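Got a structure for you, written out below as structure tokens; questions coming shortly.
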2 protein chains.
Amino acid sequence: MLRLICTNLCSKNVYLKVLRYDIRNFSSSEHPSKIGALNHVAVAVNNLQKAVDYYREALGATVSEPQKLPEHGVTVVFVRLGNTNIELLEPLGSSSPISKFLETNKSGGLHHICLEVENINSAMQRAKSYGIRCLTEEPRIGAHGKPVVFLHPKDCNGVLTELEQK
Amino acid sequence: MLRLICTNLCSKNVYLKVLRYDIRNFSSSEHPSKIGALNHVAVAVNNLQKAVDYYREALGATVSEPQKLPEHGVTVVFVRLGNTNIELLEPLGSSSPISKFLETNKSGGLHHICLEVENINSAMQRAKSYGIRCLTEEPRIGAHGKPVVFLHPKDCNGVLTELEQK
């Protein structure tokens with residue numbers, strides 16, 4: 001955005017005026033399409049209690065109580081790491097979206113990462129303009145009650161990537 | 001540790017003395033075997049430039065310059081997420097440890113997570129006491145110049161897990 005403005009304007013005064021506007025409204029840390037923090041790394045597990053025991057006992061982590069989310073087909077536990085969370089996902093119900101993953105990955109495994117954005121629509125638009133496919137046409141309300149969208153793993157170096165509005 | 005001491009001591013003075021010692025040396029946030037922050041999530045990629053373009057252009061992330069690490073068989077780039085990093089790994093040399101992963105995962109994918117610990121030896125001892133296998137007998141110096149050890153993914157819910165001393 002900023003580069004385009006600078007290239008196309010020749011008047012110094014106009015350039016400075018637009019530059020100030022640009023910095024105020026779209027500073028790099030607040031651009032609505034720019035990714036922010038890693039909200040969580042999701043791990044699919046066959047046995048939630050076994051996974052909880054591993055993180056709590058063998059690694060000494062703080063672990064939340066299990067929470068059933070029938071509308072998302074998972075039971076979830078958060079492993080609190082201070083700067084972010086590991087989200088443990090166990091299938092709940094016969095149509096759980098992670099059952100297929102566990103058929104291929106018998107021991108469980110890294111399922112997806114979730115990155116925060118200021119504005120989900122701007123972030124989708126930016127990703128799409130670079131040829132990244134979104135798995136839904138519109139954002140949906142995710143497991144944390146916030147608008148989310150998943151990006152196609154084949155367009156993201158094999159990584160299923162969730163964008164979540166802060 | 002703390003609970004055991006409190007149960008076994010009946011003298012108030014001795015209890016307080018030991019309690020102070022315990023808090024100073026083994027507070028829950030500083031216990032040498034307890035995991036801390038997520039240092040990074042590693043993503044194996046076939047084409048580092050393509051992966052850098054995706055994170056920088058399509059997602060608007062800040063991305064480091066590539067760094068060749070011949071002793072670890074990788075070229076590495078860090079995607080800075082504010083609270084943690086994504087570490088992009090491209091094979092370097094014929095014996096790169098991530099080449100086999102990329103043979104199975106043609107598009108690339110989530111390779112491992114790295115968790116920080118205060119003391120690598122204490123963390124290894126704790127993990128081993130719960131039956132978690134370490135991939136080396138002793139810690140080694142990792143890509144960031146710090147002592148690290150990898151835990152067997154089959155003991156960690158299918159997740160290759162690196163522990164790194166802070």
Side-chain angles (χ1 to χ4, degrees), chain A residues 28-29 31-41 43-47 50-51 53-55 57-62 79 81-86 88 102 105-113 115-117 122-123 126-132 151 153-161 163, chain B residues 28-29 31-41 43-47 50-51 53-55 57-62 79 81-86 88 102 105-113 115-117 122-123 126-132 151 153-161 163:
Chain A
S28 63
S29 62
H31 193 292
S33 73
K34 184 179 162 73
I35 57 166
L38 180 77
N39 187 278
H40 62 264
V41 180
V43 175
V45 301
N46 285 298
N47 185 326
K50 190 179 152 202
D53 288 347
Y54 159 70
Y55 280 104
E57 307 303 335
L59 296 190
T62 302
V79 181
L81 297 176
N83 60 338
T84 189
N85 297 306
I86 294 174
L88 303 175
L102 288 169
N105 303 273
K106 305 287 185 196
S107 307
L110 289 164
H111 187 262
H112 70 266
I113 59 172
L115 305 172
E116 294 176 0
V117 292
S122 300
R126 180 177 189 149
K128 280 181 183 176
S129 73
Y130 284 94
I132 310 301
L151 307 181
K154 287 210 172 170
D155 299 339
C156 308
N157 314 288
V159 178
L160 179 60
T161 303
L163 302 181
Chain B
S28 62
S29 62
H31 193 290
S33 74
K34 184 178 162 72
I35 57 165
L38 180 77
N39 186 277
H40 62 264
V41 180
V43 174
V45 302
N46 285 299
N47 184 325
K50 190 180 152 202
D53 287 348
Y54 159 71
Y55 280 103
E57 307 302 335
L59 296 189
T62 302
V79 182
L81 298 176
N83 61 338
T84 189
N85 297 307
I86 295 173
L88 303 175
L102 288 169
N105 303 272
K106 305 286 184 196
S107 307
L110 289 163
H111 186 262
H112 69 267
I113 59 173
L115 304 172
E116 294 176 359
V117 292
S122 301
R126 180 176 190 150
K128 280 181 183 175
S129 73
Y130 285 94
I132 310 299
L151 306 181
K154 287 209 172 171
D155 300 339
C156 308
N157 313 287
V159 178
L160 179 60
T161 302
L163 303 181

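Letters go in sequence order (proteins before strands), and every chain restarts at 1. Everything numeric in this text was worked out from a predicted model, so none of it was measured.
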Might you point out which heavy atoms bring B/E57 and A/R126 nearest each other, and give the distance in Å?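 Closest heavy-atom pair between B/E57 and A/R126: O-NE, 2.9 Å.
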State, yes or no, whether a side-chain contact exists between B/K34 and A/T62 at a heavy-atom distance under 4.5 Å.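 The answer is yes; the side chains approach within 4.5 Å.
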Is the number of heavy atoms from other residues, nucleotides or ligands within 6.0 Å of NZ (A/K154) greater than 12?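 No.
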Looking only at non-hydrogen atoms, find the nearest pair between B/L151 and A/Y54 and report the distance.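 Between these two residues, the closest heavy atoms are CD1-OH, 3.8 Å.
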May I ask you to name which of B/V117, B/I113, B/L110, B/V159 has the most heavy-atom pairs under 4.5 Å with chain A?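 The option with the most such pairs is B/L110.
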Can you tell me which of A/I86, A/V43, A/I132, A/N83 forms the most heavy-atom pairs within a distance under 4.5 Å of chain B?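 The answer is A/N83.
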Please say whether more than 12 non-hydrogen atoms of neighbouring residues, nucleotides or ligands are located less than 6.0 Å from NZ in A/K50.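 No, NZ of A/K50 has 12 or fewer neighbouring heavy atoms, counting only those of other groups under 6.0 Å.
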In terms of heavy-atom proximity below 4.5 Å to chain A, should B/D155 be classed as side chain, backbone, both, or neither?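 Interface part for B/D155: backbone (N, CA, C, O).
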Indicate the atoms forming the closest heavy-atom contact of B/I35 with A/A61, along with that distance.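 Heavy atoms only, the tightest pair is CD1-CB, 3.6 Å.
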Side chain to side chain contact (heavy atoms under 4.5 Å, CB included) with B/L81: which of A/T84, A/L115, A/N39?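 Exactly one candidate clears the test, A/L115.
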Sub-4.5 Å side-chain heavy-atom contact between B/N157 and A/Y55: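 Result yes, sub-4.5 Å side-chain heavy-atom pair found.
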